[in-house]
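Counting starts at 1 for both ligands and their atoms, following the listed order. Worth saying up front: this structure is predicted, and the values here are computed from it rather than measured.
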Amino acid sequence: MKVLVGYMSQTGNTKKVAEAIFSQIQADKEIKSLDEIQSLGGYDLAFIGFPLQGFAPANDAKVFLEQHCAGKKLALFVTHAVPEGYEELPGWLDKCREAAAVGNVVGCFDCQGELAEPIAEVLKQSGDPKMVGFGEMRPSTMGQPDEARLERARAFAREVMAK
Ligand SMILES: Cc1cc2nc3c(=O)[nH]c(=O)nc-3n(C[C@H](O)[C@H](O)[C@H](O)COP(=O)(O)O)c2cc1C
């Protein structure tokens with residue numbers, strides 16, 4: 001069994017989750033950023049992770065899923081700045097699953113990640129009350145993903161590997 005953990009991460013949050021997942025895989029395994037991956041040929045299972053951007057999977061990740069994941073066994077992991085209970089989040093995660101629907105998705109993990117300061121500043125100055133609200137969330141996101149979230153990611157990895 002050969003397993004790949006592939007991730008996209010601009011500010012390190014999704015990378016932390018990727019490393020937590022990778023640590024739990026007891027099999028022939030590799031970890032790579034999405035831009036280092038030429039093909040998923042040869043892997044029996046790929047964990048693919050990325051941040052939400054603009055209420056949807058980050059575009060590079062969406063393109064990767066559509067171009068490289070057809071027919072592959074996939075487990076998704078996603079980070080986002082909003083808290084896990086945020087009411088619009090299920091719809092945004094559905095868009096991630098839709099982008100991966102070319103593959104066989106066996107699991108989907110998500111957790112909060114820190115909202116980077118430059119992004120929060122742009123949002124706060126946008127003039128759009130909804131975006132300003134997102135920017136003002138930054139203090140409550142700081143330090144995420146924390147150890148409890150990383151432990152949930154490890155448990156997700158063990159669960160997928162046991163399937
Ligand atoms: C351009 C941009 C758009 C974003 N859009 C969203 C969003 O729609 N919803 C959300 O919860 N977080 C959003 N975020 C926050 C990131 O998803 C979050 O900080 C994530 O953990 C970043 O992961 P990374 O450090 O691996 O890049 C956005 C961040 C950026 C840079």
Side-chain angles (χ1 to χ4, degrees), residues 3-25 29-37 40 45-69 74-101 103 105 107-157 160:
V3 181
L4 175 69
V5 178
Y7 65 90
M8 172 191 163
S9 187
Q10 289 181 333
T11 60
N13 301 330
T14 315
K15 185 176 183 191
K16 282 185 197 162
V17 177
E19 287 167 348
I21 288 172
F22 186 71
S23 75
Q24 300 302 299
I25 298 169
K29 61 181 179 178
E30 287 180 66
I31 183 166
K32 292 182 178 182
S33 66
L34 293 189
D35 55 13
E36 292 174 318
I37 301 168
L40 294 187
L45 166 66
F47 288 84
I48 301 292
F50 46 86
L52 277 178
Q53 291 188 350
F55 320 129
N59 196 56
D60 285 356
K62 183 169 184 273
V63 169
F64 181 90
L65 288 166
E66 289 167 354
Q67 291 187 345
H68 293 288
C69 297
L74 304 174
L76 304 181
F77 57 103
V78 181
T79 71
H80 43 79
V82 297
E84 285 84 358
Y86 187 76
E87 60 174 1
E88 293 179 38
L89 183 59
W92 303 346
L93 294 173
D94 281 347
K95 289 189 191 165
C96 299
R97 287 192 202 86
E98 278 162 29
V105 178
C108 183
F109 172 84
D110 73 280
C111 73
Q112 190 176 35
E114 183 166 315
L115 180 64
E117 184 164 26
I119 307 300
E121 288 309 312
V122 169
L123 291 168
K124 284 197 273 183
Q125 282 158 31
S126 67
D128 174 338
K130 186 169 179 181
M131 295 300 151
V132 172
F134 286 136
E136 286 172 348
M137 278 183 192
R138 174 173 151 77
S140 66
T141 71
M142 287 171 74
Q144 301 301 347
D146 62 5
E147 177 51 31
R149 286 171 171 83
L150 294 176
E151 185 46 42
R152 276 210 296 118
R154 291 184 202 107
F156 169 72
V160 169

How far is [atom] from the closest protein heavy atom, and which atom is that?
atom: atom 22 (C) of ligand 1; answer: N13 ND2, 3.5 Å
atom: atom 19 (O) of ligand 1; answer: E114 O, 2.8 Å
atom: atom 5 (N) of ligand 1; answer: G54 N, 2.9 Å
atom: atom 30 (C) of ligand 1; answer: Q53 CG, 4.0 Å
atom: atom 21 (O) of ligand 1; answer: T79 OG1, 2.7 Å
atom: atom 31 (C) of ligand 1; answer: I119 CD1, 3.5 Å
atom: atom 25 (O) of ligand 1; answer: T11 OG1, 2.4 Å
atom: atom 13 (C) of ligand 1; answer: L52 O, 3.3 Å

Looking at [X], which atoms of ligand 1 are within less than 4.0 Å of one of its heavy atoms?
X: F55; result: 7 (C), 8 (O)
X: Q10; result: 24 (P), 26 (O), 27 (O)
X: V82; result: 11 (O)
X: T14; result: 23 (O), 24 (P), 26 (O)
X: S9; result: 24 (P), 25 (O), 26 (O), 27 (O)
X: G113; result: 21 (O)

> Out of curiosity, is W92 lining ligand 1, as in a heavy atom under 4.0 Å away?
Replying inline: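 True for this residue.
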> Is a side-chain donor or acceptor of E114 paired with a backbone partner of A116 at a separation under 3.5 angstrom?
Replying inline: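 No, because the side chain of E114 does not come within donor-acceptor range (under 3.5 Å) of the backbone of A116.
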> Between Q112 and H80, is there a donor-acceptor pair closer than 3.5 Å when you use the side chain of the first and the backbone of the second?
Replying inline: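 The answer is no, because no donor-acceptor pair under 3.5 Å joins these two groups.
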> What are the two closest heavy atoms between L150 and A20, and how far apart are they?
Replying inline: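 Looking at all heavy atoms of both residues, the shortest contact is O-CB, 4.0 Å.
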>> Tell me every residue that passes ring pair (Phe, Tyr, Trp, His ring centres under 6.0 Å) with F156, counting only those two or more places apart in sequence or in another chain.
In response: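 F156: ring pair (Phe, Tyr, Trp, His ring centres under 6.0 Å) contacts with F109.
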>> The criterion is ring pair (Phe, Tyr, Trp, His ring centres under 6.0 Å); which residues satisfy it with F22, sequence neighbours excluded?
In response: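 In terms of ring pair (Phe, Tyr, Trp, His ring centres under 6.0 Å), with neighbours along the sequence ignored, F22 is linked to no residue.
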> Do S126 and D128 have a side chain donor and acceptor closer than 3.5 Å?
Replying inline: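 No donor-acceptor contact under 3.5 Å links the two side chains.
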> Out of C111, A81, G12, A56, whose heavy atom sits nearest atom 11 (O) of ligand 1?
Replying inline: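 That would be A81.
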> Is the number of heavy atoms from other residues, nucleotides or ligands under 6.0 Å of E87 CD greater than 12?
Replying inline: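 No, CD of E87 has 12 or fewer neighbouring heavy atoms, counting only those of other groups under 6.0 Å.
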> Would you find more than 12 non-hydrogen atoms of other residues, nucleotides or ligands less than 6.0 Å from K15 atom NZ?
Replying inline: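 Not buried by this count: 12 neighbours or fewer within 6.0 Å.
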>> Measuring from atom SG of C108 to atom CD1 of I48, what distance do you get when rounded to the nearest 0.5 angstrom?
In response: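 The CD1 atom of I48 is 12.5 Å from SG of C108, to the nearest 0.5 Å.
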>> Ring-plane angle category for W92 and F134, please: parallel below 30°, perpendicular beyond 60°, tilted otherwise.
In response: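 Correct class here is perpendicular.
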